[in-house]
> 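Just dropping this structure here.
Letters go in sequence order (proteins before strands), and every chain restarts at 1.
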Amino acid sequence: MKIGYPCINLRIGCRSSSAFRLRSYSPSLLREKVAGNLGCLMKTLEFNVPHRIFFFRISSDLVPFASHPVCRVNWRREFEKEFEEIGAFIMKYRIRISMHPDQFTLINSVDPGVFQRSVAELLYHADVLDAMGLGASAKIQVHVGGVYGERAKSIARFIRRFHTLDERIRRRLAIENDDRNYPAADCLAISRETGLPVICDVFHHRLNNRGERIRDILFLIARTWRRSDGVMMVDYSSQKRGGRRGAHAYSIDLGDFRKFLALSRPLDFDLMLEIKDKERSALSAVAMARADVRFNLRS
DNA sequence: GGAAGTCAAGTCTCG
DNA sequence: CGAGACTTGACTTCC
């Protein structure tokens, strides 16, 4: 098991998701931001390795406005060397990588324009991972999308659209259960039609399920991951105390985390901690898992 | 330097 | 019908 956190490290003094307003766009500002973001990404990964954090989600803002028509800079070629260096570092230390396009990326939208923009956004994500030379186990995780009042039709539309996607997207795609629209059971059904691996979001499953126990659903989902997809990915977080239902906790609840690890044995997976305090919770999770011989944390 | 106003994109829920 | 939420406040301007 590898443990990771998403996008931002709060203690190293830089962010690899630094962006700007569309109004401020200029090729030189874009180049400046990409250079800074790539430098910070490297710094973040260099922080993670000695702290035994071997899973990381790369921010979608790494190249701001990359899929927007305003962006005419060939960033992939201009920063080829930097992308390759980061990729080499990732492969050297066998760091697991994921990306998670934001809520505007909707493969199953009823609006063809939304779908078209989503394809461009997915191609951008694939470009980033391709530029780093990473294999198909570096995943792009998306939700199934909207329901539009017709669940079955919207699922069918997802499947139909999936088959039209570029292979560079399809090989990296994974679908994640969400907390309102599509529970894990729907993702499993889509997986049967598409071969897509499913990412179990444990917190979402607790909020949105069809009565399955976490342990049972994890074992079903594990079978959707093929060798080329790499080890199963799982997202974990817990409810913010006193917060809105579905709000992510500020810091990891180690008691709950220990229980989750125990109930998921002996499955192996890479675990993304979607917790507000980022690397801080990842560090305490690593410490906890290392201290317990039952969990085969990579060290 | 700090506060206030605003920000590419979609969908759903709540008040 | 508008605001807020979503994996996440951060960029920009004004004072």
> Give a yes/no on whether any side-chain N or O of A/S18 is located under 4.0 angstrom from OP1 or OP2 of C/dC11.
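Checking A/S18 against C/dC11: at least one side-chain N or O falls below 4.0 Å of OP1 or OP2.
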
> When rounded to the nearest Å, what value does the distance between C1' atoms of B/dA4 and C/dT7 take?
26 Å

> DNA chain C: stems of at least 3 consecutive Watson-Crick or G-U pairs, cut-off 3.5 Å?
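Runs of three or more consecutive pairs: B:1-7 with C:9-15, B:10-15 with C:1-6.
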
> Provide, to the nearest angstrom, the distance between the OH atom belonging to A/Y182 and the P atom belonging to B/dG10.
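Nearest whole value for this atom pair: 17 Å.
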
> Other residues, nucleotides and ligands only: do more than 12 of their heavy atoms fall within 6.0 Å of CZ on A/R215?
yes

> Quick check on DNA chain C: between A/F20 and A/C7, whose nearest nucleotide comes earlier from the 5' end?
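Of the two residues, A/C7 wins.
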
> At under 4.0 Å between heavy atoms, what does A/D235 touch on the DNA or RNA strands: base, sugar-phosphate, or nothing?
nothing

> Give one of base, sugar-phosphate or nothing for A/S67, where a contact means two heavy atoms less than 4.0 Å apart.
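Since a base atom lies under 4.0 Å of A/S67, the category is base.
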
> Under 4.0 Å from OP1 or OP2 of B/dT11: is there any side-chain N or O of A/S109 that close?
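Yes, such a contact exists.
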
> Nearest whole angstrom, please: distance from the P of B/dG10 to the CG of A/N108.
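Computing the A/N108:CG to B/dG10:P distance gives 14 Å.
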
> In whole angstrom, give the distance that lies between atom NZ of A/K276 and atom P of C/dT7.
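Atom-to-atom, A/K276 to C/dT7, this comes out as 9 Å.
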
> What is the separation between atom OH on A/Y250 and atom P on C/dT8, rounded to the nearest whole Å?
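About 13 Å, once rounded to whole Å.
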
> Would you classify A/R21 as touching base, sugar-phosphate or nothing, given that sugar-phosphate means primed atoms plus P, OP1 and OP2, and contacts are heavy atoms under 4.0 Å?
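Base contact.
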
> Nearest whole Å is fine: how far is B/dC12 C1' from A/F104 CZ?
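Atom CZ in A/F104 sits about 13 Å away from atom C1' in B/dC12.
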
> Hey, can you pull the residues of residues 141-163 of chain A with a non-hydrogen atom under 4.0 angstrom from DNA chain C?
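Contacts with DNA chain C under 4.0 Å: A/H143.
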
> What pairs with A/D256 under side chain to side chain donor-acceptor pair (under 3.5 Å), at least two apart in sequence or on another chain?
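A/D256 satisfies side chain to side chain donor-acceptor pair (under 3.5 Å) with A/R206, A/Y236 only.
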
> Working to the nearest 0.5 angstrom, can you tell me the gap between A/Q116 CD and A/S109 OG?
11.5 Å

> Remember a base hit wins even if backbone is also touched, and classify A/H100 as base, sugar-phosphate or nothing at under 4.0 Å, heavy atoms.
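The answer is nothing, as A/H100 stays clear of every strand by at least 4.0 Å.
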
> Measure NE2/A/H125 against C1'/B/dA9 and give the value in whole Å, please.
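Value for this atom pair: 13 Å.
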
> By nearest atom, which of the nucleotides B/dA8, C/dT7, B/dC12 is closest to the A/N181 side chain?
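Nucleotide nearest to A/N181's side chain: B/dC12.
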
> Under 6.0 Å between ring centres, would you say that holds for A/W75 and A/F83?
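That pair passes the under 6.0 Å test.
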
> Sticking with atom P, work out how far B/dG2 lies from C/dT8, rounded to a whole angstrom.
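Between the two P atoms, the distance is 26 Å.
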
> Using whole Å, report how far OH of A/Y25 lies from P of C/dT12.
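For the pair A/Y25 OH and C/dT12 P, the rounded distance is 14 Å.
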
> From the options A/D178, A/L196, A/I199, A/L122, select the one residue that forms a side-chain contact (heavy atoms from CB on, under 4.5 Å) with A/V142.
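With A/V142 as partner, side-chain contact (heavy atoms from CB on, under 4.5 Å) holds for just one option, A/L122.
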
> For B/dA8 versus C/dC11, give the span between their P atoms, rounded off to a whole number of Å.
13 Å

> Within 45° of the ring axis of A/F54 and under 6.0 Å from its six-membered ring centre, is that where the NZ or CZ of A/R96 lies?
no

> Does A/S60 reach a base, just sugar-phosphate, or nothing at all? Heavy atoms under 4.0 Å.
nothing

> Can you spot which of A/R180, A/R192, A/R210 makes a salt bridge (Lys or Arg N to Asp or Glu O under 4.0 Å) with A/D186?
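Of the listed options, the one satisfying the test is A/R210.
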
> What's the separation between atom NZ in A/K2 and atom CG in A/D268, rounded to the nearest 0.5 Å?
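If I round to the nearest 0.5 Å, the distance is 9.5 Å.
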
> Are any of the side-chain nitrogens in A/E84 or A/K81 under 4.0 Å away from the carboxylate oxygens of its partner?
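No, no charged N to carboxylate O under 4.0 Å.
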
> Think A/R117 has a side-chain N or O under 4.0 angstrom from the OP1 or OP2 of B/dG10?
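Affirmative; the distance criterion is met.
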
> Would you measure the distance from the P atom in B/dT6 across to the matching atom in C/dA3 and give it in whole Å?
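Those two atoms are separated by 12 Å.
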
> Atom CG of A/L106 and atom P of C/dT7: how far apart are they, to the nearest Å?
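Rounded to the whole Å, the gap is 13 Å.
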
> Does this structure show an ion pair linking A/R168 with A/D127, if we count only N-O contacts that are shorter than 4.0 Å?
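Between A/D127 and A/R168 there is a salt bridge, with a charged N closer than 4.0 Å to a carboxylate O.
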
> With a 4.0 Å cut-off on heavy atoms, is A/S17 in touch with a base, just the backbone sugar-phosphate, or nothing at all?
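If one applies the 4.0 Å heavy-atom cut-off, A/S17 turns out to touch nothing in the nucleic acid.
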
> If two hydrophobic side chains count as joined below 4.5 Å and joins carry through other members, does A/V70 share a cluster with A/F20?
yes

